[in-house]
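These figures come from a predicted structure and were not determined experimentally. Counting starts at 1 for both ligands and their atoms, in listed order. FYI, side chains are in, hydrogens and waters are out, and symmetry mates aren't considered; it's all heavy atoms of this structure.
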Amino acid sequence: MAESGKVEIKRTSCYLCSRQCGVRVHVQDQKVLKVEGDLKNPVGKGFTCERARAAIDFHEHPKRLNYPLKRVGERGEDRWERIAWKQAMDEIAQKLKETRDRYGPEALAVLGGAVHGPGDWAAWRFTNLFGTPNIFYQGKNCGEAEFLMECAVYGYQTYHSIDTSRTKCMVVWGGNPAASNIPYFKSIIEAKKNGAKLIVVDPRLTETAERADIWLQLRPGTDGALALGMLNIIINEQLYDKRFVDNWCLGFNRVKETVQQYPPEKVEGITWVPKDDIASAARAYATHRPAVLTMGVATCHIGTGAKSAVQAKAILRAITGNLDIQGGDVLGREPQKLAWLENLYWDSLVDSPQRKRDNVSADKFPIASVNGYKLFRKAMKKVYPRGYGAAMFMLVPNSTYIWSAIAEGKPYPVKAIITEGGNPLCSLSNAKNAFKALMSKNLELHVAMDFFMTPTSQLADYVLPAADWLERPNLCVRWGMQEHYVAGEQSVAPMYERKNDYQFWRELGIRLDQRYSWPETLEEMYNQFLKPWGKTFGEFVKMEEPWYFPPPAYKKYERQGFATFSGKVELAPSILEKLGYDPLPTYVEPARSPMSTPELAKEYPFILISGSRVRPYVHSCYREEEKLRARNPDPLVQIHPDTARQLGVNSGDWVTIETPEGKIRQKAEVTERIHPKVVHVDGYWWFPEQSGKTPHLFGLWESNANAINPDDPELCDYAGDLPFRATLCKVYTAEHG
Ligand SMILES: Nc1nc2c(c(=O)[nH]1)N[C@H]1C(S)=C(S)[C@@H](COP(=O)(O)OP(=O)(O)OC[C@H]3O[C@@H](n4cnc5c(=O)[nH]c(N)nc54)[C@H](O)[C@@H]3O)O[C@H]1N2
Ligand SMILES: Nc1nc2c(c(=O)[nH]1)N[C@H]1C(S)=C(S)[C@@H](COP(=O)(O)OP(=O)(O)OC[C@H]3O[C@@H](n4cnc5c(=O)[nH]c(N)nc54)[C@H](O)[C@@H]3O)O[C@H]1N2
Ligand code: SF4
Ligand SMILES: [Mo]
């Protein structure tokens with residue numbers, strides 16, 4: 001126990017977004033006084049942003065959930081009674097037991113959000129033991145399409161960390177780190193100072209694009225054609241790494257043949273990018289090695305356009321010889337010194353005797369299913385005998401199927417859901433569909449665990465108060481994304497009756513035949529993860545440097561081959577063929593576009609993109625915090641001045657944005673940063689200050705991009721990711737509507 005009155009410094013990691021910057025928390029008598037960057041911590045190196053500066057406001061916010069609540073009125077009526085944790089957990093576990101006995105374990109679906117802490121892996125742990133494959137977490141949220149394609153082509157995901165002194169070229173493709181990852185953006189700037197080239201592929205002139213040597217302003221959703229056009233130049237001008245291709249790549253001739261269909265002139269017509277710019281970008285990328293070609297979540301959000309985009313990107317990385325070299329795109333490894341597989345129970349799910357069915361969308365999107373994962377495991381076995389460290393990215397169902405499994409019992413009934421650390425009504429396309437399912441009488445149980453009452457938790461039967469990152473010990477593990485771990489001390493005891501997410505899953509687990517699988521505390525669970533290292537969490541967190549960065553390893557394939565069936569880079573992956581997909585990166589238009597649906601485009605003439613990161617917010621979070629809200633008080637729709645003039649719109653006007661799915665209103669930001677034919681709307685908007693009662697739901701239908709984004713599976717990509725970008729809309733002022 002700390003001495004009364006004494007100020008202590010706790011070292012931990014900030015979880016107010018997924019970056020996990022190292023911070024020092026000043027604490028006195030269980031009160032947080034200050035959060036500052038930790039200069040010594042390699043993650044962030046002392047950086048903090050406006051969210052970390054508002055950390056105390058979130059921690060003590062008057063709207064925080066502090067006690068378990070049980071619904072007393074109808075769903076969504078906003079009538080609750082406070083109950084004890086024990087009662088909540090007993091009742092929820094009993095209901096889950098009945099559900100499992102009556103309908104099978106697959107009748108439970110668990111929906112979470114972006115990376116936020118122990119809830120992520122504890123949820124996989126629970127669902128794997130329970131036997132349900134219907135777990136919707138990071139994979140689908142952040143775009144499964146690219147993870148899966150990288151695994152199919154070269155057997156693991158690549159990291160795109162910039163080596164500021166070595167990297168010679170950076171291609172930021174479909175992302176904007178200036179808003180989404182500031183520490184990364186800083187390394188881009190530093191590498192540029194050291195002479196590296198920056199190429200940005202984005203329909204908007206973002207803060208990142210502003211810094212670019214070459215900015216390719218493409219038509220949203222045509223990334224595949226653009227990448228194929230670049231491949232055309234690189235292959236025909238023989239700018240690829242011939243030795244690497246000869247020794248390590250299969251399928252080169254088939255790809256060579258395919259790219260002949262995409263000469264720069266034709267690609268200009270598809271993408272709107274001038275052919276000379278396509279050629280310059282291709283030449284710059286291929287001749288400045290080592291180069292990094294980033295993931296960028298937008299290329300997974302363009303529906304049917306995504307497959308060729310992510311595949312052609314993977315081919316670009318491979319044939320230019322940038323795979324797994326220092327300063328280039330380094331291949332990940334399974335977590336080092338960590339007992340992860342035995343603790344996450346992947347195999348229990350894959351081979352579960354209880355699980356009779358694959359996830360609800362397995363037939364439509366077989367690559368993102370338990371069976372798809374099994375095939376990947378087989379392919380990877382030689383290189384990764386323990387399986388894939390980031391398997392949770394690999395078998396996530398498509399949300400539309402979850403909603404229809406609830407509302408219509410198809411393909412089989414889902415009767416219970418748990419939403420933890422996510423706000424699907426704001427973050428998933430076609431909120432009307434989600435709303436219908438969440439209000440359906442067929443749904444027998446909905447449990448939500450969050451910091452705040454959100455539109456989603458508003459529709460739950462039980463709402464549970466989550467402890468935040470200051471109230472729990474943290475072990476940052478970026479499964480499959482980066483190899484380091486960082487230990488963080490608990491700063492203060494949880495306020496009121498908040499509990500950490502691990503405790504929630506544990507308490508369910510021990511009531512549901514998983515008694516021996518759940519150590520009593522989060523620290524004890526961390527001890528189990530850290531066992532191979534021979535350290536306890538307590539020892540780790542007290543170390544002078546409480547982090548572990550494994551020594552980097554390059555060209556790992558020279559020893560072990562690539563983790564594909566052939567052991568080579570498969571440019572036309574055999575696994576795609578086995579699962580019934582086109583193995584070649586053939587370009588496919590977004591399913592709604594001026595080219596694929598010209599009739600629809602007459603009525604909806606603009607291309608709609610939505611939800612790019614806005615600096616103060618993380619998706620639907622933080623709109624209740626006054627200082628952050630003051631920076632971005634209203635949802636903004638970006639419109640080009642020429643378009644605005646035609647529409648009679650001025651900056652600051654509220655305008656209507658309409659799609660076949662519905663309409664919303666946002667405030668116009670007239671700007672030359674966007675193409676005249678493209679409209680960008682802010683994502684995830686709700687208004688915590690408004691009434692939460694249904695149907696109002698904190699103004700969910702007023703301005704939320706995902707109230708009008710489509711979710712038809714035919715519009716989704718090959719892995720079932722939602723089309724948040726590259727669809728069609730019309731825009732008008734209220735008077736002209
Ligand atoms: N239109 C559009 N939609 C998109 C995207 C887009 O680009 N455009 N991007 C997609 C992407 S990449 C993502 S990742 C998703 C994000 O989708 P979500 O993760 O559903 O969105 P968030 O708003 O981050 O929801 C997180 C919720 O969890 C709560 N929370 C935070 N930390 C914790 C915790 O430790 N424990 C618990 N129990 N709760 C916690 C927060 O209060 C918040 O309500 O959105 C997707 N949706
Ligand atoms: N502040 C903040 N930071 C965050 C988050 C947050 O919510 N807030 N979320 C975190 C999460 S979960 C994620 S997944 C990452 C995502 O981070 P990023 O990958 O950087 O994604 P976005 O910031 O949405 O940037 C997407 C960019 O793609 C562009 N774009 C739109 N359509 C297309 C298209 O068809 N093709 C191409 N090439 N580009 C297109 C948009 O104009 C936008 O500038 O950010 C993380 N960091
Ligand atoms: S970027 Fe900001 S919110 Fe995200 S982890 Fe770092 S300090 Fe926290
Ligand atoms: Mo994400």
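With 3.5 Å as the limit, one finds no donor-acceptor pair spanning the side chains of Glu210 and Trp215. Side-chain atoms of Gln638 and Arg204 form a donor-acceptor pair, as typed in the model, at a separation below 3.5 Å. At a cut-off of 3.5 Å, with distance as the only test, no side-chain donor of Asp461 or His446 sits close to an acceptor on the other residue.
When only interatomic distances are considered, the shortest N/O to N/O separation between Ala726 and ligand 2 does not fall below 3.5 Å. Below 3.5 Å of separation, one finds no N or O of Ile609 facing any N or O of ligand 2.
Inside a sphere of radius 2.8 Å centred on atom 8 (Fe) of ligand 3, the protein N/O/S atoms present are Cys14 SG.
Using a 4.0 Å heavy-atom cutoff, Cys621 is listed among the residues neighbouring ligand 1. Residue contacts with ligand 2: Asn181 is excluded, as none of its non-hydrogen atoms falls under 4.0 Å. In this structure, Ala466 has a heavy atom closer than 4.0 Å to ligand 1.
Open room surrounds CD on Glu672; 12 or fewer heavy atoms of other groups in view lie less than 6.0 Å from it.
Atom 13 (C) of ligand 2 has its closest protein heavy atom at Arg613 NH2, 3.6 Å.
Glu50 meets the salt bridge (Lys or Arg N to Asp or Glu O under 4.0 Å) test with Arg615, Arg631; sequence neighbours excluded.
Comparing Asn423, Asp450, Leu428 against atom 44 (O) of ligand 1, the shortest heavy-atom distance belongs to Asp450.
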